[in-house]
Amino acid sequence: MGITAADLVDTPPAAPTFAEAIPRVWARLSAGTARTNGTHFDLLESRWPDRSLTEPTRHELEELAYTVQSTARTNRASRGGTSAVEHFVSAVRCLYRYAEEAGWVRPQDNPAGRSPIPSRRSSHRYAIPWGQVAEICQVAATSGDDPELDSLILRFHLETACRRGGALALRPQDLDLTCTKSRRTGAPHRCAPTLSRAASDTREQRRPALSDH
């Protein structure tokens, strides 16, 4: 069972409250991890500010995880709040992992050790079939206020797989005959030389009179 005779007689370590522990854990996290865990740390601190880390049970943590799931923001790509629960469980485990290392909580008293992570549901996203892609390109090339530019933008995204920001941030100096580079990420996006030439020609034809942007 992982319990020794000393565990039966030793006095459990005094654990800080959530309001005391969370700022100390937060200070040790990288910026990215702090952003991911921040919302859930705020929830724990606001819900149980004066409770010791050893007080909540696994059942209470699971109930709080259910609350996180039921109140998660939804959109077309949502998967029933499972991603929010994953991040919540990760944040709780991060907190209690630090508590174990600091000697505040004994491993056998850690309520987060067995907190289940929900199975991730299948994504609602799917690739657009090539037949539909062809129809979109056909409509863009034969209608609208500027079919030439619309077609070029569609081709740019199809060849480079850039997000919208990649096209919006593209500058004249980012173009060459072998690759197109997005200003937003700085990463090169390979494409056919003909696409770079078409983008460069469009830029020359439509160059603003007083601006080179």
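Treat the numbers as computed from the prediction; the structure is a model and nothing was measured.
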At their closest point, which heavy atom of [X] faces which heavy atom of [Y], and how far apart are they?
{"X": "P16", "Y": "A21", "result": "CG-CB, 3.9 Å"}
{"X": "P111", "Y": "T57", "result": "CB-C, 4.0 Å"}
{"X": "L53", "Y": "W104", "result": "CD1-CE3, 3.8 Å"}
{"X": "T54", "Y": "A15", "result": "CG2-CB, 3.7 Å"}
{"X": "W48", "Y": "L64", "result": "CH2-CD2, 3.9 Å"}
{"X": "A112", "Y": "V92", "result": "CB-CG1, 3.4 Å"}

- Message: Can you list everything that forms a salt bridge (Lys or Arg N to Asp or Glu O under 4.0 Å) with D201? Sequence neighbours excluded, please.
- Response: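 Expected list: none.
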- Task: Decide whether F41 and L43 are clustered together by the hydrophobic rule: side chain heavy atoms of Ile, Leu, Val, Met, Phe, Trp, Tyr closer than 4.5 Å, transitively.
- Result: yes
- Query: Side chain of E20, backbone of T17: donor and acceptor closer than 3.5 Å?
  - Reply: yes
- Message: Determine whether a donor-acceptor pair (N or O, by modelled atom type, separation under 3.5 Å) exists between the side chain of S143 and the backbone of A140.
- Response: no
- Message: Evaluate R58 against E62 for salt bridge (Lys or Arg N to Asp or Glu O under 4.0 Å), listing each step before the verdict.
- Response: CA-CA 6 Å; R58 174 187 172 186; E62 289 178 357; 2.9 Å; yes
Check: [Y] and [X] side chains under 4.5 Å, non-hydrogen atoms:
{"X": "E60", "Y": "R47", "answer": "no"}
{"X": "L158", "Y": "C137", "answer": "yes"}
{"X": "T194", "Y": "R155", "answer": "yes"}

- Message: Show, in sequence, the C-alpha distance, side-chain angles and deciding distance for E63 and T67, and conclude whether the side-chain contact (heavy atoms from CB on, under 4.5 Å) test is met.
- Response: CA-CA 6 Å; E63 285 185 338; T67 300; 5.7 Å; no
- Kindly assign one of parallel, tilted or perpendicular to the pair H40 and F88, based on the angle between their ring planes and the thresholds 30° and 60°.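 Perpendicular: the ring planes of H40 and F88 meet at over 60°.
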- Can you list every side-chain hydrogen bond (donor to acceptor under 3.5 Å, both in side chains) pair that touches residues 22-37, not counting sequence neighbours? S30-T33
